[in-house]
Amino acid sequence: MIDQFKKTIVCLLADKTYLTEDEIDKCIEIPPDPKMGDYAFPCFSLSKTLKNSPNKIASELADRLKPTSPVSEIKAIGPYLNFFLDKTTFSEVVLKKISNEGNLYGSDTIGEGKTVVIDYSSPNIAKHLAVHHLRSALIGNALYNIYRNLGYKCVGINHLGDWGTQFGQLIVAYKKWGEKNLEDYTITDLNKLYVRFHQEAEKDIYLEDEAREWFKKLERGDTEAIELWKRFKDISLLEFQRVYKMLGIHFDAVVGESFYNTMVEDTVSRIREKGLACISDQALIIDLERYNMPPCLLRKKDDTTLYATRDIAAAEYRKSAYNFDKMIYVVGSEQKLHFKQVFKVLELMEYDWAGQCVHVDFGLMKFKDGKMSTRKGVVILLEDLLIEAVERIKKIIEEKNPSLKDKELVARDVGIGAVVFADLSTKRNKDVIFDWDTVLNFEGETGPYVQYTHARLCSILRKYGKDVMADIDYTLLNEDDTINLVKNLWQYPFVLLKSAQYYEPSLMSNYLIDVCANVNKFYNSHRVLSENDDLTKARILLVDAARQIIKNGLRILGMHAPAEM
RNA sequence: GCGCCCGUAGCUCAGCAGGAUAGAGCAACGGUUUCCUAAACCGUAGGUCAGACGUUCGAAUCGUCUCGGGCGCACCA
């Protein structure tokens, strides 16, 4: 979607300057203070070519440009040429558009006919989903929603870590210390085995060799190994599913690394045929020294494959299965080098789609006193966190709104929403320190704040009880804070586009905070339902539009927007 | 050692394809409820944008270096 107001200004300027529309478009800014205007054109760059001071150029342009609707005034303020929109026309265009498009407002068609594959969550099996698994799942899920709203066909893939030496480790641990019948095992039991393996392996150096031996058996299809592995996987999936459901995370395909086991052979052959591979220290590698990278390992000296090998095979498979236009890997930044290597190998294999692969990385989640580690068993389980959040919300509901219906449901929406929003509200490349108080804070810039604002707006509309009409007297929406809110709502589609462009859901969560701050300011200083019918109608339309934007935005982030809370 | 990321208020963060006086929230203090949900709103206080140099009409934003923190660098994923 293009900003039609900005477009008008660009056209006006293109007519009176030497600059192209594109060049002007890039320069146009929004002034820091709305009193200065709605859009601004800085004249610094023109001052060089015109050999005149920017202030003078601005005032000369102000004289030469005639404001035409929707522009009501063009004024030079210092070196800036500032444009004022006619408030009435502006509000009418914006509010009518939102009213007409409703749930679809902000959607775009730029992605029509294109497919984007998104790989997210992708936890290792036999371990609990813990808080540090949140980021990949939530960022990936949000990107899925963002791209889908822009018209792309999305394929969400949960690339389970269900293959690798660690399953050799688990088999060894189970055979040595497994007490119960495997039927009765839970993920907690598996986790204990895993932790125990690493404890014992520090004392017994042969344990790792034994584990590698079992993984080799697994890769060759040994019945006992497969049997155990399958059970481990079933136990894990059952628990994962429960947490994904709570979080509202959706996948189109849950396909683990093991799935590519049969394809790895062919992948390796193709790489060898291209003459890319060589043997080094008995391992099969691709030397990447020319590209300033350490080698990419395809096969260990015991002949088993590594995750890089499987990632290459998976990429090939996904290209043939989905013919994507873009493939996004939502994986922590500690794997940056890995993906750089994998993408380079795809390029060396002469796949023209290698450039369509993107690693959307994100910072580590740590505790105050260090990194979370499943190996040491130092984690907070995701499910525990979610349950705790819901419990705390329940208490607050009892306190503030005891007569609320569907308390359980609302508590879930708000409690889980708080966790989701907290995670999505910092830029993804920053490391985050997990802190219960921060995640479970429900005041200020939080998920509950956004949901609460939405609920208040719904409440007004409920009390109003009539249909919302778009044919209102737009001159009534002329106060500063009202117009600011309308301007803010107008930005939604551009925020959505930018979130996609930068793979950055936090742009959306920060935008929603901004909208809600404006809504609450408006709410506190203007009475919506009043004796004045025309004014009521006008404000109701604005309330409904704001409600719609918040709802659309929350949906993008993967959150619910309860009508009451 | 080499490479990548981060460093903005006491804390958590926004602002970073250079632009007009560096913004929020939390915590602190003070105020707002006969009125649409006070999970809200308003106000006070809080800053050498890690530091230095450079590019520029202009730098929190770009470049170089230093310091501090994180991550990665061949048989784990």
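All chains are named by letter (A, B, ...) in the order of the sequence lines, taking the proteins before the strands, and each is independently numbered beginning at 1. All values below come from the heavy atoms of this structure, side chains included, with hydrogens, waters and symmetry mates left out.
Distance, A:Glu445 CD to B:C11 P: 17 Å, rounded to whole Å. Protein atom NZ of A:Lys366 is 16 Å distant from nucleotide atom P of B:C5, rounded to whole Å. A straight line from CZ of A:Phe421 to C1' of B:U12 spans 14 Å, rounded to a whole angstrom. Rounded to an integer number of Å, the gap from CG of A:Asn124 to C1' of B:C76 is 10 Å. Atom pair A:Ile286:CD1 and B:A74:C1' shows a separation of 13 Å (rounding to whole Å applied). If you measure from atom CG of A:Leu457 to atom C1' of B:U37, you get 11 Å, rounded to the nearest angstrom. One atom, CG of A:Leu297, and another, C1' of B:C76, lie 11 Å apart when rounded to the nearest Å. The CG atom of A:Asn520 sits 19 Å away from the P atom of B:C35 (whole-angstrom rounding).
Within 4.0 Å (heavy atoms only), A:Pro42 reaches no atom of the nucleic acid at all. A:Lys521 comes within contact range of the sugar-phosphate backbone alone, with a heavy-atom separation under 4.0 Å but no base atom that close. Among the protein residues, A:Ala308 comes within range of no part of the nucleic acid, since none of its heavy atoms lies under 4.0 Å from any strand. Counting non-hydrogen atoms under 4.0 angstrom, A:Gln335 reaches a base of the nucleic acid. Nucleic acid contact for A:Ser459: base, since at least one base atom lies under 4.0 Å from a heavy atom of the residue. Within the 4.0 angstrom heavy-atom criterion, no nucleotide atom of any strand lies near A:Met293. Heavy atoms of A:Ile397 sit under 4.0 angstrom from at least one base atom. Counting any heavy atom pair closer than 4.0 Å across all strands shown, A:Asp281 reaches a base atom. Backbone-only contact: A:Glu257 has heavy atoms under 4.0 Å from sugar-phosphate atoms and none from a base. Among the protein residues, A:His159 comes within range of no part of the nucleic acid, since none of its heavy atoms lies under 4.0 Å from any strand. Residue A:Gly164 is classed as a sugar-phosphate contact, given heavy-atom separations below 4.0 Å to backbone atoms only. In this structure, A:Asp33 reaches the bases: a heavy-atom distance under 4.0 Å links it to at least one base atom across the strands shown. When heavy atoms are screened at a 4.0 angstrom cut-off, A:Leu306 is found touching the sugar-phosphate backbone but no base atom. Across all strands shown, A:Asp287 has no heavy atoms under 4.0 Å from either base or sugar-phosphate atoms.
Base pairing of B:C36: no nucleotide in any strand meets the Watson-Crick or G-U wobble criterion (both distances under 3.5 Å). B:G25 is paired with B:C11 under the criterion used here, namely a Watson-Crick or G-U wobble arrangement in which both key atom distances are under 3.5 Å. B:U48 is unpaired under the criterion used here, namely a Watson-Crick or G-U wobble arrangement in which both key atom distances are under 3.5 Å. Figure legend. B:C4 is base-paired to B:G70; pairs are counted as Watson-Crick or G-U wobble with both atom distances under 3.5 Å. Remark: B:C41 base-pairs with B:G31; criterion is Watson-Crick or G-U wobble with both hydrogen-bond distances under 3.5 Å. Using Watson-Crick or G-U wobble geometry with both donor-acceptor distances under 3.5 Å, B:U55 finds no partner in any strand shown.
Using a 4.0 Å cut-off, some side-chain N or O of A:Arg310 falls inside it from OP1 or OP2 of B:A77. Listed pair A:Asn429 / B:C6 meets the phosphate criterion, a side-chain N or O lying under 4.0 Å from OP1 or OP2. Of the side-chain N and O atoms in A:Lys336, none sit less than 4.0 angstrom from OP1 or OP2 of B:C4. For A:Lys463, a side-chain nitrogen or oxygen approaches OP1 or OP2 of B:U37 to under 4.0 Å. For B:C73, the OP1/OP2 oxygens have no side-chain nitrogen or oxygen of A:Lys340 closer than 4.0 Å. At B:C41, one or more side-chain N or O atoms of A:Tyr449 fall inside 4.0 Å of OP1 or OP2 (strictly under the cut-off). Distances shown here put every side-chain N or O of A:Arg428 at or beyond 4.0 Å from the OP1 or OP2 atom of B:C5. Contact check, A:Arg462 against B:U37: no side-chain N or O comes under 4.0 Å of OP1 or OP2. An OP1 or OP2 oxygen of B:C5 is reached within less than 4.0 angstrom by no side-chain nitrogen or oxygen of A:Ser333. Close to B:A39, at under 4.0 Å from its OP1 or OP2, lies a side-chain N or O of A:Tyr452.
Side-chain contact check for A:Tyr464 and A:Asp544: no donor-acceptor pair (N or O, by modelled atom type) lies under 3.5 Å.
Comparing the C1' positions of B:A39 and B:G58 gives an interatomic distance of 43 Å, to the nearest angstrom. Comparing the P positions of B:A59 and B:A52 gives an interatomic distance of 14 Å, to the nearest angstrom. When the C1' atom is used for both B:U8 and B:C57, the distance is 25 Å, rounded to whole Å. With P as the reference atom, B:C49 and B:U37 are 45 Å apart, rounded to whole Å.
No N or O donor and acceptor, one from the side chain of A:Asn441 and one from the base of B:A39, sit under 3.5 Å apart. Between the side chain of A:Ser280 and the base of B:A74, a donor-acceptor pair under 3.5 Å is found.
The residues A:Glu60 and A:Lys56 are annotated as not salt-bridged, no charged nitrogen and carboxylate oxygen being separated by less than 4.0 angstrom. A salt bridge does not link A:Lys216 to A:Asp303: none of the charged nitrogens lies less than 4.0 Å from a carboxylate oxygen. A:Arg392 has a carboxylate O that lies under 4.0 Å from a charged side-chain N of A:Glu388, or vice versa, which qualifies the two as a salt bridge.
Using bins of under 30°, 30° to 60° and over 60° for the plane-to-plane angle, the ring pair A:His198/A:Tyr194 lands in the perpendicular bin. Using a 30° and 60° split on the angle between ring planes, A:Tyr492 and A:Tyr511 fall in the tilted class, from 30° to 60°.
Under a cutoff of 6.0 Å and an axis angle of 45°, A:Arg456 and A:Tyr523 form a cation-pi pair.
Nucleotides of RNA chain B nearest to A:Pro31 and A:Val410 differ in position, and the one nearer the 5' end is that of A:Pro31. Residue whose closest nucleotide on RNA chain B sits further toward the 5' end, between A:Trp163 and A:Ile285: A:Ile285.
Of the candidate nucleotides B:U37, B:C71, B:A77, B:C71 has the atom lying nearest to any side-chain atom of A:Glu334.
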*Step by step, work out the side-chain hydrogen bond (donor to acceptor under 3.5 Å, both in side chains) result for A:Ser258 and A:Asp162.*
CA-CA 6 Å; A:Ser258 60; A:Asp162 65 354; 2.7 Å; yes
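Aromatic pair A:Tyr307/A:His338: ring centres closer than 6.0 Å. Between A:Tyr329 and A:Phe339, the distance separating the two ring centers is shorter than 6.0 angstrom.
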